[in-house]
Trainee: 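Before I ask anything, let me first share the structure, which is written out below as structure tokens.
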Amino acid sequence: MSAAIPQFISVGKGDQARKIAVRHDQRSDLGVLWLSGFKSDMLGTKAEVIADWAKDKGLTCTRMDYSGHGESEGEFTEGTISKWLEEVLAVFTEYCKGPTIVIGSSMGGWMALLLAKALIERKTEVSGFLAGMVLIAPAPDFTEELMWKQEFTEEIKQEIMQTGRFERPSEYDDSPYIITRDLIEDGRRNLLLGGTVETGCKTIILQGQNDDSVPWDHALRIVEAMASDDVILTLIKDGDHRLSRPEDLQRLIKALEELVESNS
């Protein structure tokens, strides 16, 4: 089916059921799966560039929006890392039937690493498998390591715990990001950087050193945690968080082509 219009997959049961939007083009056994960042969607610059590249290469391409994001159902404020991971797993199981290169941007990098962990634990339950990863300014554990420990003052922490939410200004959106207590507390149940991270595949990390959202030394922690995996880290001295400049997109495509070559 063409990705010109989204398909919808139902995830969850009862009052937790939500329809998740997916754009999927089936072309080959080898495919790519795009995972967006926090409050981003599958129609952004990098996602569209990847979709066009996959079409040119004749590769299957799958994109999705988490609940409360883009074209999917649900309220953003009801989202948690566990709920979004459940959606990623459902989409991977339904659409990614063969070797799949996962591209995760910012929070999508956390989702990608959690997906890898889940696939290792549930390897008999799915037919698809990871053929590589490209992580763009990956932000695993960001709710705890970057927000709670580094960004939030004691007053903000108290507000979150007492009222259940905090309206965090965004440099990428006119409206604030609402950070909920559920998001923070659920994030703690999904932390990765305190132990060993395994993907079972080659991983390429692209990280800007001018990133104001995810410090570049966060990428070093990820590399250290992935002690048993084949990992390449590229630090882009003048790169920001989005890494959407023409030269950044070229690096992204080069990383994808390297992974495709290694699977040919």
Trainee: Please check if the side chain of Thr100 supplies one atom and the backbone of Gly98 the other of a donor-acceptor pair under 3.5 Å.
Mentor: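 Such a contact is found between Thr100 side chain and Gly98 backbone.
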
Trainee: Should we say atom CG of Asp29 is surrounded by more than 12 heavy atoms from elsewhere, each under 6.0 Å from it?
Mentor: no

Trainee: Yes or no on side chain to side chain contact (heavy atoms under 4.5 Å, CB included) for Met107 and Ile81, after CA distance, side-chain angles and deciding distance?
Mentor: CA-CA 9 Å; Met107 185 185 78; Ile81 302 303; 4.1 Å; yes

Trainee: For the residue pair Val102 and Thr199, establish whether any side-chain heavy-atom pair is separated by less than 4.5 Å.
Mentor: no

Trainee: Looking only at heavy atoms, which two atoms of Leu183 and Gly79 are closest? And how far apart?
Mentor: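 Closest heavy-atom pair between Leu183 and Gly79: CD1-O, 4.1 Å.
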
Trainee: Do the side-chain N and O atoms of Asp65 and Ser36 include a donor-acceptor pair separated by under 3.5 angstrom?
Mentor: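 Absent: no donor and acceptor within the cut-off.
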
Trainee: Kindly determine whether Phe38 and Tyr66 satisfy ring-ring contact (aromatic ring centres under 6.0 Å, His included), including the steps that lead there.
Mentor: CA-CA 9 Å; Phe38 191 58; Tyr66 315 117; 9.3 Å; no

Trainee: State, without any angle test, whether Asp229 and Thr203 hold a side-chain donor-acceptor pair at a distance under 3.5 Å.
Mentor: no

Trainee: Is Leu146 reachable from Val223 through a run of I, L, V, M, F, W or Y residues, each pair having side-chain heavy atoms under 4.5 Å apart?
Mentor: yes

Trainee: Are the side chains of Leu252 and Val49 in contact, using a 4.5 Å heavy-atom criterion?
Mentor: no

Trainee: Quick one: CZ on Arg181 to CD1 on Ile184, what's the gap to the nearest 0.5 Å?
Mentor: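 Here the rounded value is 11.5 Å.
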
Trainee: Any side-chain heavy atom of Asn190 within less than 4.5 Å of one from Thr143?
Mentor: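 Result no, sub-4.5 Å side-chain heavy-atom pair not found.
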
Trainee: With side chains defined as the heavy atoms from C-beta onward, is the minimum distance between Glu167 and Glu159 less than 4.5 Å?
Mentor: no

Trainee: Once the angle between the rings of Tyr177 and Phe76 is folded into 0 to 90°, is it parallel (under 30°), tilted (30 to 60°) or perpendicular (over 60°)?
Mentor: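 Answer is tilted, since the angle falls between 30° and 60°.
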
Trainee: Flag the pair His69 / Met64 as yes when at least one side-chain heavy-atom distance between them is below 4.5 Å, and no otherwise.
Mentor: no

Trainee: For Arg245, is there an ion pair with Asp238 - N to carboxylate O distance below 4.0 angstrom?
Mentor: yes

Trainee: Would you check if Leu89 and Arg122 make a side-chain contact, meaning some heavy-atom pair closer than 4.5 Å?
Mentor: yes

Trainee: Would a single hydrophobic cluster contain both Leu243 and Leu220, if residues Ile, Leu, Val, Met, Phe, Trp and Tyr are joined by side-chain heavy-atom contacts under 4.5 Å?
Mentor: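 In one cluster with Leu220: Leu243, no.
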
Trainee: Passes side chain to side chain contact (heavy atoms under 4.5 Å, CB included), Lys57 versus Val260? Steps please.
Mentor: CA-CA 10 Å; Lys57 294 293 183 180; Val260 170; over 6 Å; no

Trainee: Between atom CD1 of Ile136 and atom OG of Ser244, what is the distance when rounded to the nearest 0.5 Å?
Mentor: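 Between atom CD1 of Ile136 and atom OG of Ser244 there are 8.0 Å.
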
Trainee: Is the shortest side-chain N to carboxylate O distance from Asp25 to Arg27 below 4.0 Å?
Mentor: yes

Trainee: Please say whether more than 12 non-hydrogen atoms of neighbouring residues, nucleotides or ligands are located less than 6.0 Å from NZ in Lys157.
Mentor: yes

Trainee: Using 0.5 Å steps for rounding, measure from the CD atom of Gln26 to the SG atom of Cys96.
Mentor: 9.0 Å

Trainee: Within the side chain of Lys46, is there an N or O that forms a donor-acceptor pair under 3.5 Å with the backbone of Arg242?
Mentor: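 Between the backbone of Arg242 and the side chain of Lys46 there is a qualifying donor-acceptor contact (under 3.5 Å).
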
Trainee: Test of understanding: clusters of I, L, V, M, F, W, Y form through side-chain heavy atoms closer than 4.5 Å, transitively. Do Ile253 and Met42 belong to the same one?
Mentor: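 Same cluster.
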
Trainee: Can you give me the closest heavy-atom contact between Ala47 and Trp34, atom names plus distance?
Mentor: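 What the structure gives for the nearest pair is CB-NE1, 3.5 Å.
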
Trainee: Tell me if a side-chain donor or acceptor on Thr180 pairs with a main-chain N or O of Arg165 at a distance below 3.5 Å.
Mentor: no

Trainee: Taking Leu135 as the starting point, is it possible to reach Ile103 by hopping between hydrophobic residues whose side chains are less than 4.5 Å apart?
Mentor: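 As far as the 4.5 Å side-chain criterion goes, Leu135 and Ile103 are not connected within one cluster.
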
Trainee: Between Lys19 and Glu73, is there a salt bridge with N-O shorter than 4.0 Å?
Mentor: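 Looking at Glu73 and Lys19, the cut-off is not met.
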
Trainee: At their closest point, which heavy atom of Pro138 faces which heavy atom of Gly109, and how far apart are they?
Mentor: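 Closest heavy-atom pair between Pro138 and Gly109: CB-CA, 4.2 Å.
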
Trainee: Are Leu130 and Trp110 connected, step by step, through hydrophobic side chains (Ile, Leu, Val, Met, Phe, Trp, Tyr) whose heavy atoms are closer than 4.5 Å?
Mentor: yes

Trainee: Main chain of Ile156, side chain of Glu154: is a donor-acceptor contact present, judged purely on distance under 3.5 Å?
Mentor: no

Trainee: Any chance you could lay out the side chain to side chain contact (heavy atoms under 4.5 Å, CB included) test for Ser67 and Ile20, step after step, and finish with the verdict?
Mentor: CA-CA 6 Å; Ser67 56; Ile20 301 304; 3.9 Å; yes

Trainee: Please tell me if the side chains of His218 and Leu193 come closer than 4.5 Å, counting only heavy atoms from C-beta onward.
Mentor: yes

Trainee: Can you find a side-chain donor-acceptor pair between Ser82 and Asp186 that sits under 3.5 Å?
Mentor: yes

Trainee: Just how far is it from atom CD of Gln207 to atom CD1 of Ile236, taken to the nearest 0.5 Å?
Mentor: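 If we round to the nearest 0.5 Å, Gln207:CD and Ile236:CD1 are 8.0 Å apart.
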
Trainee: Of the non-hydrogen atoms in Ala255 and Ile204, which two are nearest, and what is the gap between them?
Mentor: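 Answer, listing the atom of Ala255 first, then Ile204: O-CD1, 3.6 Å.
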
Trainee: How long is the straight-line distance from CG of Leu113 back to CE of Met133, given to the nearest 0.5 Å?
Mentor: 5.5 Å

Trainee: So that I can tick it off, tell me whether Arg18 and Glu75 are bridged by a salt bridge, with the cut-off set at under 4.0 angstrom between side-chain N and carboxylate O.
Mentor: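 Not counted as a salt bridge, because no side-chain N and carboxylate O are separated by less than 4.0 Å.
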
Trainee: Say you draw a straight line from CG of Leu206 to CG of Leu233; how long is it, rounded to the nearest 0.5 Å?
Mentor: 8.5 Å

Trainee: Which pair of heavy atoms, one from Ala90 and one from Val11, lies closest together, and at what distance?
Mentor: CB-CG2, 3.7 Å

Trainee: I'd like to check Leu43 versus Arg23 (side-chain heavy atoms, cut-off strictly below 4.5 Å). Are they in contact?
Mentor: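 They are in side-chain contact.
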
Trainee: The test is side chain to side chain contact (heavy atoms under 4.5 Å, CB included); show your working for Cys61 and Trp53 and say whether it passes.
Mentor: CA-CA 9 Å; Cys61 182; Trp53 168 82; over 6 Å; no

Trainee: How about NZ on Lys97, more than 12 heavy atoms from neighbouring residues, nucleotides or ligands closer than 6.0 Å, or not?
Mentor: yes

Trainee: What heavy-atom pair brings Ala137 and Val214 nearest, and what distance separates the two atoms?
Mentor: O-CG2, 4.0 Å

